[in-house]
Amino acid sequence: DKVVLGEGIYVGYRYYDTHNLKTLFPFGYGLSYTTYEYSELELNQNDDDILEVKFSVKNSGLVAGSEVVQLYVHDVKSSVDRPSKELKGFKKVQLEAGETKSVTIELDRRAFSFYDVKSKQWLAETGSFDILIGASSADIRIKERFDLK
């Protein structure tokens, strides 16, 4: 008469990626008739505690296409158990063959937070975080480290 869900925060890609398990189709996987290149990752934190993540995506193939770019955050050293990476943003980008577009995704302090059961609130610890940009959870193309103060 009871249903017990025991996976906690390790559901889907969070489990597979944290335990380095290969899947046939990773989270965010998609097919395209073209190819994409990611470059020029730039991180800028403004006075409102917003981290602006800016990068370029180029359609390096011969036909037009759409790419769903994904932004993951990895807490380098956490005081609690956390997945190896967590999806915190994404955008769909439509590109003609050979076209390059700049993509911006903003992260607030909550993107670096976890729910602390002891204090019953969301906490963002200071420290280093990796900003990971990719085509799927298993296909990270560019990354940069960020120090949260």
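Basis for what follows: all heavy atoms, side chains included, without hydrogens, waters or symmetry-related copies.
- Counted within 6.0 Å of CD on Glu144, heavy atoms from surrounding residues, nucleotides or ligands total more than 12; the atom is thus considered enclosed.
- Not a single donor-acceptor pair under 3.5 Å links the side chain of Asp116 to the backbone N or O of Lys120.
- A single hydrophobic cluster is seen to contain both Leu31 and Phe25, as judged by linkage of ILVMFWY side chains at heavy-atom distances under 4.5 Å, directly or through other members.
- Glu67 and Ser32 form no side-chain donor-acceptor contact under 3.5 Å, judged by distance and modelled atom types alone.
- Note on Leu24: it clusters hydrophobically with Tyr29, by side-chain heavy-atom contacts below 4.5 Å among ILVMFWY residues.
- Remark: the backbone N or O of Gly134 is not paired with any side-chain donor or acceptor of Tyr72 at under 3.5 angstrom.
- At distances below 3.5 Å, at least one donor-acceptor pair connects side-chain atoms of Lys85 with backbone N or O atoms of Ser137.
- Using modelled atom types, one side-chain atom of Tyr36 and one backbone atom of Ser66 make a donor-acceptor pair closer than 3.5 Å.
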TODO: Please lay out, stage by stage, how Ile133 and Lys143 fare under the test side chain to side chain contact (heavy atoms under 4.5 Å, CB included).
DONE: CA-CA 6 Å; Ile133 309 294; Lys143 68 179 182 176; over 6 Å; no
Open item on the list: For a side chain to side chain contact (heavy atoms under 4.5 Å, CB included) check, start with the C-alpha distance between Asp75 and Glu125, then their side-chain angles and the critical distance, and finish with the verdict.
Closed with: CA-CA 9 Å; Asp75 190 345; Glu125 297 178 316; 4.3 Å; yes
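- Residue Phe27 is not grouped with residue Tyr15 when hydrophobic side chains (ILVMFWY) are merged at heavy-atom distances under 4.5 angstrom, including chains of intermediate members.
- Salt bridge present: Arg141 and Asp139 bring a charged side-chain N and a carboxylate O closer than 4.0 Å.
- In this structure, CD1 in Ile142 is found 11.0 Å from CD in Glu42, a value given to the nearest 0.5 Å.
- The distance from atom CD1 of Ile50 to atom CG of Asp108, rounded to the nearest 0.5 Å, is 5.0 Å.
- Side-chain atoms of Glu106 never come within 3.5 Å of backbone atoms of Leu51 as a donor-acceptor pair (strictly under, hydrogens ignored).
- Remark: the backbone N or O of Leu95 is paired with a side-chain donor or acceptor of Asn59 at under 3.5 angstrom.
- For the pair Val73 and Ile131, the minimum side-chain heavy-atom distance is below 4.5 Å.
- Ion pairing between Glu86 and Arg14 holds under the 4.0 Å rule for side-chain N and carboxylate O.
- Using modelled atom types, one finds no donor on one side chain facing an acceptor on the other under 3.5 Å when comparing Ser102 with Ser56.
- Within a 6.0 Å sphere centred on CG of Leu62, heavy atoms belonging to other residues, nucleotides or ligands number 12 at most.
- Remark: Leu123 CG to Ser113 OG distance equals 7.0 Å, nearest 0.5 Å.
- Salt bridge Asp130/Arg145: present, at least one basic N to carboxylate O contact under 4.0 Å.
- In this structure, the side chains of Leu107 and Val53 come closer than 4.5 Å at one or more pairs of heavy atoms.
- Both Phe55 and Val93 sit in one connected hydrophobic cluster of ILVMFWY residues. Membership requires side-chain heavy atoms under 4.5 Å apart, directly or through other members.
- Across all non-hydrogen atoms, the minimal contact from Leu87 to Tyr13 is N-OH, 2.7 Å.
- Heavy atoms only, all atoms of each residue included: Gly98 and Lys58 are closest at O-CE, 4.0 Å.
- Contact annotation: the side chain of His74 never approaches that of Phe129 to less than 4.5 Å [non-hydrogen atoms, C-beta and beyond].
- In this structure, Lys54 NZ and Leu43 CG are separated by 12.0 Å, a value rounded to the nearest 0.5 Å.
- Ser84 and Asp17 are not linked by any side-chain donor-acceptor pair at a separation below 3.5 angstrom, with hydrogens and angles left out of the test.
- Contact of the Glu52 side chain with the Thr104 side chain is registered, since non-hydrogen atoms from C-beta on lie closer than 4.5 Å.
- Side-chain contact between Val57 and Lys101 is absent, with no heavy-atom pair separated by less than 4.5 Å.
- The two residues Ile140 and Ser136 come nearest to each other via the heavy atoms CD1-O, 3.8 Å.
- Within 6.0 Å of the OH atom in Tyr10, the count of heavy atoms belonging to other residues, nucleotides or ligands exceeds 12.
- In Phe90, the CZ atom is not crowded: 12 or fewer heavy atoms of neighbouring residues, nucleotides or ligands sit closer than 6.0 Å.
- Contact annotation: the side chain of Phe114 never approaches that of Ile9 to less than 4.5 Å [non-hydrogen atoms, C-beta and beyond].
- Closest approach of Leu148 to Ala124, counting heavy atoms only: CD2-CB, 4.0 Å.
- Taking the six-membered ring for Trp and the full ring otherwise, Phe146 and Phe112 have centroids separated by under 6.0 Å.
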